[in-house]
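For reference, the structure is listed below as C-alpha cells.
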Amino acid sequence: MNIAEVKELLTIVNDSKLTEFDLQMDNVVLHMSKNTHQAPKEMAAPQAQTQQATAVSAVPQTATEVQVEEVVKTTISEEGNLIKAPIVGVVYLAASPDKPNFKKVGDTVEVGETLCIVEAMKLMNEITSDVAGTVTEVLIENEEVVEYNQPLFRIV
C-alpha cells in the first residue's frame with residue numbers, strides 16, 4: 001500500500017458517514033477516526049519486514065488526515081526486538097539532565113545494560129535490555145509519559 005492509496009482511502013472515509021475505519025492488509029495496519037476526543041489506538045506491529053514510510057507532503061486539512069499520517073508512520077515496522085515499558089510512568093533517557101543518554105541509535109547493547117529510566121510514583125525504575133544487539137530505533141522522547149507495554153526501543 002502506498003501513500004496515494006492511503007490518501008484515496010482517507011478521502012473515501014472522510015466523505016462517508018463512517019466515524020472509524022480499520023484496515024489490516026499484508027504488512028500494513030491502518031486506523032482512521034473522525035473522533036477528535038479520542039486518542040488513536042495503539043496497534044500491534046506486523047511481524048514482516050517492511051520499508052520505511054515517507055510522510056505525506058501535503059498540508060493536512062482535517063484531523064483525520066493528521067491521524068492517518070501518524071498511523072502510517074507508526075505502523076511500518078522493521079525486524080528486531082522491541083523493548084517495552086513494564087510500567088506506566090515518565091521516561092528519562094539519561095541519568096540526569098546534564099548527562100548523555102544511556103543509549104542512542106547505533107549504540108551496541110549487552111544483556112542487562114540500562115536503556116532508560118521510568119519514574120512511577122516517585123520511584124526510579126531502570127529499564128534494562130533483555131537482548132544483545134544494536135539500537136535501531138528510540139521510539140520515545142525524554143520526559144514522555146509512557147503506557148504499560150508501549151514500545152521504547154528496537155534492538156537488532
Please report the closest heavy-atom contact between [X] and [Y], naming both atoms and the distance.
X: K84; Y: P151; value: CG-CA, 4.0 Å
X: I155; Y: S129; value: CD1-OG, 3.6 Å
X: A120; Y: I87; value: CB-CD1, 3.8 Å
X: A94; Y: P100; value: CB-O, 3.4 Å

Give the intermediate values and the outcome of side chain to side chain contact (heavy atoms under 4.5 Å, CB included) for residues V131 and V109.
CA-CA 8 Å; V131 295; V109 179; over 6 Å; no
So if you build clusters from Ile, Leu, Val, Met, Phe, Trp, Tyr with side-chain heavy-atom gaps below 4.5 Å, do [X] and [Y] land together?
X: Y92; Y: V138; answer: no
X: V135; Y: I127; answer: yes
X: L139; Y: V91; answer: no

Got a sec: does the CD of E144 have more than 12 other heavy atoms crowding it under 6.0 Å?
yes
Among L152, N125, N101, find the residue that satisfies the side-chain contact (heavy atoms from CB on, under 4.5 Å) test when tested with C116.
L152
What residue among I117, V145, V146 forms side-chain contact (heavy atoms from CB on, under 4.5 Å) with V90?
V145
Which residue pairs pass the salt bridge (Lys or Arg N to Asp or Glu O under 4.0 Å) test with at least one member in residues 93-102, sequence neighbours excluded?
none
Among pairs that include at least one residue of residues 121-130, which meet salt bridge (Lys or Arg N to Asp or Glu O under 4.0 Å), considering only residues two or more places apart or in two chains?
none
Measure the [atom1]-[atom2] distance between [X] and [Y] for me, rounded to the nearest 0.5 Å.
X: F153; Y: N81; atom1: CZ; atom2: CG; result: 14.0 Å
X: E137; Y: L82; atom1: CD; atom2: CG; result: 8.0 Å
X: L115; Y: I83; atom1: CG; atom2: CD1; result: 6.0 Å

With distance as the sole test, does K103 use its side chain to make a donor-acceptor pair with the main-chain N or O of T108 at under 3.5 Å?
yes
Determine yes or no for a side-chain-to-main-chain donor-acceptor pair under 3.5 angstrom, with T136 supplying the side chain and R154 the backbone.
yes
